[in-house]
Each structure stands twice: as structure tokens, then as C-alpha cells.
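Here's the structure, in C-alpha cells; my notes come after.
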Amino acid sequence: MARTRLALLGPPGAGKGTQAKRIVEAYGLLHLSTGDILRDEVARGTDLGVSARSFMDRGELVPDDLIVDMIRGRIESAASGFLLDGFPRTAPQAEALEGISSLDVVISIDLPRDEVVKRLTARRVCVDCGQIYNLAFRPPSNPETCDACGGRLIQRDDDKEDVIQNRYDVYKASTAPLIAFYRARGLLEEVDGMMGSDGVFERIQELLAG
Ligand code: AMP
């Protein structure tokens with residue numbers, strides 16, 4: 001595959017995390033999820049985690065300079081290619097990224113607000129391996145236990161409905177403008193998130209093959 005520097009855009013709940021896992025497994029790229037890195041910093045109680053937590057709990061964005069400092073080295077050392085998941089999320093982040101690395105393609109997965117709320121309130125995540133389930137669309141055999149590793153399944157604090165509504169507003173205001181930014185650079189590919197996980201992944205594979 002010639003295209004090895006990828007970024008995923010899309011509202012919360014569009015399936016970025018799920019698709020990211022499938023893409024990195026299929027193409028051997030490094031998965032760089034700023035949300036996952038931040039949640040790990042919070043869990044370990046680092047200075048960054050303490051600073052980030054209040055923003056995350058409210059569904060607000062963590063300040064750009066903290067995010068760019070956090071991700072820069074990881075991108076620079078991803079020689080065989082990377083998939084950015086949840087970054088960039090603002091125009092200043094996209095501009096900072098241009099100074100760190102170029103991209104080969106930006107895939108935007110879209111999903112309407114009511115579907116976002118429906119999906120995210122039913123989302124569960126394994127505390128141990130990070131596997132994502134959905135009680136409505138991709139239920140685990142037991143609602144409290146991970147099928148993959150037996151870990152405990154939890155609802156993320158920011159998957160509560162009022163926080164989800166705020167995250168969607170933040171996406172529209174701060175991140176959706178990046179669609180035009182990357183379209184203008186000829187890097188944008190758009191995928192309809194309503195196709196479901198398999199349909200979206202097939203489409204992404206076609207895009208990456210083409
Ligand atoms: P996610 O798992 O991508 O939905 O991210 C969860 C939360 O982490 C977001 O609601 C933000 O508070 C924070 N976050 C993740 N990525 C970024 C980013 N690129 N810029 C600012 N905040 C971020």
C-alpha cells in the first residue's frame with residue numbers, strides 16, 4: 001500500500017476507533033489515538049492527565065498546545081506509517097501537523113446527530129484490552145464482560161447523553177471545518193458512517209487500494 005500516513009475525521013461515535021483498529025491490523029500502521037493516549041494519562045494520574053481530565057469530562061477539547069506536544073514525537077517516530085484517530089481536531093492542530101508530517105489521505109466518516117447519540121449511549125469499552133462493543137449493534141455475549149479477554153466492560157464517563165450532545169456541538173464547531181481544509185489540499189475521502197462497520201471498512205479498503 002502506497003498510502004501509509006492516514007488520518008480519520010468524524011463526529012464522536014462515527015466508528016473511528018473501530019475502523020482504526022481494523023485498518024492498523026490490516027495494513028500494519030501505528031495507531032495513534034489522542035483520546036486513548038489521554039485516557040491512559042488520566043488513568044496514570046500524570047500532570048498531563050490531571051490537566052486534561054476536566055476538559056474531557058465536560059466533552060470539551062483539551063488545549064491545542066498540550067495535544068500537539070503529546071503527539072509530535074509519536075508521529076515523528078512512526079517510520080512505517082501511522083493512522084491518526086481523533087487528531088487533528090482543530091485548525092491550529094491541522095496547521096501544526098503540517099509542520100510535523102505530511103498526510104497521504106484523510107478519511108472523513110460522517111454520521112447524523114441522532115445516530116451519534118443512539119450509538120454512544122449504548123457503547124461499552126473493555127477496561128483491559130480496549131475492545132469496543134455496542135449493546136445495540138455489536139453486543140458482547142455478557143453485557144458486563146469482554147468476549148476477547150474477559151475484562152470488565154464499562155461506559156466511558158463522556159458517553160453520557162448531555163456530554164455526547166456537547167461533544168457533537170464541539171465537533172461541528174471546531175473539527176468539521178477541517179473537512180474543507182483537507183478537501184482544498186486534495187486529501188479528503190468521505191465515507192457514510194450509516195453503512196455499518198463492515199460496509200465502512202470495505203469502502204476504506206477500496207479507497208486505500210485505489
Ligand atoms: P475521543 O476518544 O477521540 O472521543 O476523545 C475523548 C476526549 O479526549 C475528547 O472529547 C477531548 O476531550 C479529548 N481529545 C481527544 N483528542 C483530542 C484532540 N485532538 N484535541 C483536543 N482534545 C482531544
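Counting starts at 1 for both ligands and their atoms, following the listed order. Along the sequence shown, the residues carry numbers beginning at 1.
- Selection from R53, R156, E60, R39 by nearest heavy atom to atom 12 (O) of ligand 1 gives E60.
- For the ligand labelled ligand 1, residue R58 lies outside the 4.0 Å heavy-atom shell.
- For M70, no heavy-atom contact with ligand 1 is shorter than 4.0 Å.
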Can you give me every donor-acceptor pair (side chain of residues 174-196, partner residue at least two apart or in another chain, under 3.5 Å) with its distance?
residue	atom	partner	partner atom	Å
T175	OG1	R89	O	2.7
R183	NH2	E190	OE1	3.3
R185	NE	E98	OE2	2.7
R185	NH1	F181	O	3.1
D192	OD1	M194	N	3.0

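- Using a 4.0 angstrom heavy-atom cutoff, K16 does not count as in contact with ligand 1.
- In this structure, R124 fails the cation-pi test against Y133, since its NZ or CZ atom is not both closer than 6.0 Å to the six-membered ring centre and inside 45 degrees of the ring normal.
- Scanning the protein for heavy atoms near atom 9 (C) of ligand 1, the closest one is R89 NH2, 3.8 Å.
- The parts of L61 lying near ligand 1 are both backbone and side chain, judged by heavy-atom distances below 4.0 Å.
- Here's the thing with D36: none of its N/O atoms is less than 3.5 angstrom from an N/O atom of ligand 1.
- Considering backbone and side-chain N/O atoms, D158 never comes within less than 3.5 Å of an N/O atom of ligand 1.
- A cation-pi arrangement is found for R119 relative to F137, the charged atom lying closer than 6.0 Å to the ring centre and inside a 45° cone about the ring normal.
- For atom 10 (O) of ligand 1, the closest non-hydrogen atom on the protein side is R167 NE, 4.0 Å.
- Annotation: cation-pi pair R203/F201 absent, no NZ/CZ under 6.0 Å from the ring centroid and within 45° of its normal.
- In terms of protein heavy-atom proximity, atom 22 (N) of ligand 1 is closest to V62 N, 3.0 Å.
- A salt bridge is defined here as a Lys NZ or Arg NE, NH1 or NH2 lying under 4.0 Å from an Asp or Glu carboxylate O, and R156 with D57 fails to meet this definition.
- In this structure, K16 contributes its side chain and G10 its backbone to a donor-acceptor pair below 3.5 Å.
- Remark: side-chain polar atoms of K21 are not paired, donor with acceptor, to backbone N or O of H31 under 3.5 angstrom.
- Atoms of ligand 1 lying under 4.0 Å from at least one heavy atom of T34, given by number and element, are 15 (C), 16 (N), 17 (C), 19 (N).
- Among protein heavy atoms, the minimum distance from atom 20 (N) of ligand 1 is reached at Q93 NE2, 2.9 Å.
- The shortest N/O to N/O separation between G86 and ligand 1 falls below 3.5 Å.
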Please report the C-alpha distance between L32 and D85 in whole Å, then the side-chain angles of each, then the deciding distance to 0.1 Å, and finally whether the side chain to side chain contact (heavy atoms under 4.5 Å, CB included) criterion is met.
-> CA-CA 6 Å; L32 292 175; D85 164 11; over 6 Å; no
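- For T145, there are no side chain to side chain donor-acceptor pair (under 3.5 Å) partners at least two apart in sequence or on another chain.
- With a 4.0 Å heavy-atom cut-off, ligand 1 is reached by the side chain of L38 but not by its N, CA, C or O.
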